[in-house]
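In this chain, residues are counted from 1 in sequence order. All ligand and atom numbering here is 1-based and tracks the order in the structure.
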Amino acid sequence: MSKSLQAIRGMNDILPEQTPLWRYFEGTVARLLDNYGYKQIRMPIVEFTELFKRSIGEVTDIVEKEMYTFEDRNGDSLTLRPEGTAACVRAVLEHGITGGGQVQKLWYIGPMFRHERPQKGRYRQFHQIGLEVFNLDGPDIDAELIIMTWRLWGELGIRDAVKLELNSLGTSESRGRYREALVEYLSARHDKLDEDSQRRLKTNPLRVLDTKNADTQAVLFDAPKMADYLDDESRAHFEGLKARLDAVGIPYVLNPKLVRGLDYYSKTVFEWVTDKLGAQGTVCAGGRYDGLVEQMGGKPTPGVGFAMGIERLVLMLETLEQIPQEISRQVDVYLCAFGEEAELAGLALAERIRDELPNLRLQVNAGAGSFKSQFKKADKSGALYALILGDDEMAQQVVGFKPLRGQGEQQSIAWDALAAHLATCVVQG
Ligand code: HAM
């Protein structure tokens with residue numbers, strides 16, 4: 001026998017018992033984004049490699065070692081998208097929909113690919129819901145993004161388990177000045193840094209700030225602080241954001257070491273983190289990227305956005321047992337029919353009911369079977385009620401209506417009255 005095939009490491013099937021929770025989560029986010037006036041955009045999963053190199057940055061972990069890059073049959077270098085912002089910027093530029101200062105509030109959902117070391121909450125194919133706003137440069141929109149996520153955590157019942165971390169990276173000029181000061185400070189202490197930080201000091205010095213190495217962290221204790229190098233405009237922007245979060249009552253922690261792993265950020269950066277998931281605790285992250293569109297060949301266009309990891313948030317709902325009861329039941333009513341004639345009548349009756357109650361989750365037994373086996377299937381489906389069509393019911397043009405959960409006797413309901421009866425018994429989602 002040939003060796004059985006397996007999924008690629010870090011790329012998961014989402015099985016039928018898991019999809020209801022995914023759909024609940026995705027549906028909740030989609031509704032919220034609709035209500036705040038965001039529109040969905042769908043980009044391809046594969047883009048030219050160059051796009052990611054130019055936007056995310058050549059010396060980031062993602063571009064240096066995590067991208068799924070391959071040559072296609074034309075010899076073009078293509079990459080499975082590791083994130084959504086780059087492709088979204090490419091798309092708005094290509095279609096000219098941010099031209100002339102047009103505001104765009106966009107969101108997307110889908111798989112992303114990074115060749116990271118898989119562990120709980122970290123996968124090689126993972127899923128994000130992300131959003132990007134173009135042509136709004138004030139702190140009000142940064143605040144809106146955060147307020148919206150705060151509302152989402154509330155709706156999902158996980159607000160108490162997440163914490164907002166906030167920082168400002170300033171403009172590219174002020175960041176440049178800070179980078180110089182940091183490099184000077186760290187270079188003088190080069191031998192005390194861990195190997196990875198020594199390398200980063202040359203390639204991407206700000207990333208030294210989020211080192212996990214205790215010795216390097218000790219060196220960083222007295223390092224120059226980014227906040228001291230912020231230009232007036234970035235400072236005012238940051239104050240504006242904090243004032244708005246204060247006004248709505250959203251708690252946050254200032255984290256001067258929050259620099260993010262992608263190069264395109266300026267001014268605001270933020271992360272929602274939790275201690276409920278172990279090492280992979282960032283469930284949603286983003287920030288402002290006012291220089292990116294220009295860097296990608298467009299006119300100067302402010303941008304800000306974030307993305308949340310669906311796997312991590314679903315895991316959180318499971319860990320905190322915040323799974324709404326109604327999503328576990330996928331069938332309201334299960335129709336059992338015995339004999340050929342009853343089966344035909346049952347099919348027609350089911351369609352009539354579906355016409356009248358389009359939201360009713362009605363499953364018709366398939367594969368015939370004895371009384372016993374059909375009831376077993378009805379029960380296993382999780383349905384609240386079984387409808388029974390046998391010889392007696394056919395003769396009287398009724399169905400047997402049998403509650404499957406809890407109290408109540410079986411009763412007979414006339415075919416014509418069935419839809420109305422079901423409407424009173426089943427709360428339709
Ligand atoms: P990111 O921080 O790289 O940002 O990813 C955002 C979120 O995606 C993370 O906070 C995490 O929840 C999830 N995530 C990232 N990598 C993995 C992984 N390997 N496995 C599971 N989940 C993961 C971005 O992608 C930016 N594009 C966000 C953004 C949008 N900034 C501005 N606009």
Side-chain angles (χ1 to χ4, degrees), residues 8-12 14 25 29 33 38 41 43 47 51-52 55-57 60-63 65-68 80-92 104-134 136 141-142 145-146 148-149 152-153 158 162-165 167 169 207 210 258-274 276-293 296 301-316:
I8 295 164
R9 191 161 119 85
M11 304 202 179
N12 301 311
I14 298 151
F25 174 75
V29 182
L33 294 175
Y38 289 72
I41 181 169
M43 297 87 66
E47 299 271 355
L51 175 72
F52 302 114
S55 53
I56 298 170
T60 55
D61 284 351
I62 295 180
V63 171
K65 52 186 188 203
E66 293 172 1
M67 296 208 300
Y68 281 89
L80 294 181
R81 63 181 184 194
E83 59 104 57
T85 310
C88 192
V89 167
R90 198 252 327 121
V92 297
Q104 293 289 349
K105 297 165 81 174
L106 306 173
W107 70 277
Y108 49 83
I109 178 169
M112 308 289 162
F113 302 84
R114 296 183 195 174
H115 196 277
E116 297 192 78
R117 199 167 45 77
Q119 64 178 85
K120 181 181 169 191
R122 187 166 69 192
Y123 312 102
R124 290 181 173 170
Q125 173 174 334
F126 60 97
H127 298 79
Q128 284 185 345
I129 296 180
L131 61 88
E132 316 292 348
V133 179
F134 297 97
L136 288 172
I141 192 70
D142 303 18
L145 297 188
I146 292 172
M148 209 158 53
T149 45
L152 177 65
W153 314 142
I158 58 173
V162 289
K163 191 176 77 178
L164 175 63
E165 297 199 351
N167 192 19
L169 301 179
R207 287 307 302 277
D210 64 10
L258 181 65
V259 287
R260 309 274 301 123
L262 306 98
D263 275 357
Y264 46 63
Y265 293 108
S266 56
K267 295 187 179 161
T268 312
V269 287
F270 66 91
E271 290 191 356
W272 285 101
V273 295
T274 180
K276 305 286 183 224
L277 297 181
Q280 301 306 315
T282 308
V283 292
C284 172
R288 185 161 273 287
Y289 47 85
D290 289 344
L292 181 59
V293 175
M296 304 291 285
T301 305
V304 60
F306 66 73
M308 53 183 104
I310 303 183
E311 281 82 357
R312 291 185 191 177
L313 283 156
V314 165
L315 210 54
M316 250 187 109

* Asked: Backbone or side chain, does any N or O of Glu311 fall under 3.5 Å from an N or O of ligand 1?
  ->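 No.
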
* Structure fact -> Nearest non-hydrogen contact to atom 28 (C) of ligand 1 from the set Gly261, Ala285, Ala87 belongs to Ala285

* Asked: Relative to atom 12 (O) of ligand 1, which among Val89, Ile129, Leu277, Thr282 owns the nearest non-hydrogen atom?
  ->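 Considering heavy atoms of Val89, Ile129, Leu277, Thr282, the nearest to atom 12 (O) of ligand 1 sits in Thr282.
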
Below 4.0 angstrom from a heavy atom of [X], which ligand 1 atoms are there? Numbered from 1 as shown, please.
X	result
Gly286	31 (N)
Gln128	5 (O), 6 (C), 7 (C), 8 (O), 24 (C), 25 (O)
Tyr265	26 (C), 28 (C), 29 (C), 31 (N), 32 (C)
Thr85	26 (C), 27 (N), 29 (C), 30 (C), 31 (N), 32 (C), 33 (N)

* Taking only residues two or more places apart in sequence or in another chain, which ones pass side chain to side chain donor-acceptor pair (under 3.5 Å) with Thr274? -> none

How does [X] reach ligand 1, by side chain, by backbone, by both or by neither, if only non-hydrogen atoms under 4.0 Å count?
X	answer
Tyr289	side chain
Arg122	both
Ile62	neither
Arg260	side chain
Phe270	neither

* Mind checking salt bridge (charged side-chain N to carboxylate O under 4.0 Å, His left out) for Glu165 and listing every partner two or more places apart, or none if nothing turns up? =>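 By the salt bridge (charged side-chain N to carboxylate O under 4.0 Å, His left out) rule, Glu165 matches Lys163.
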
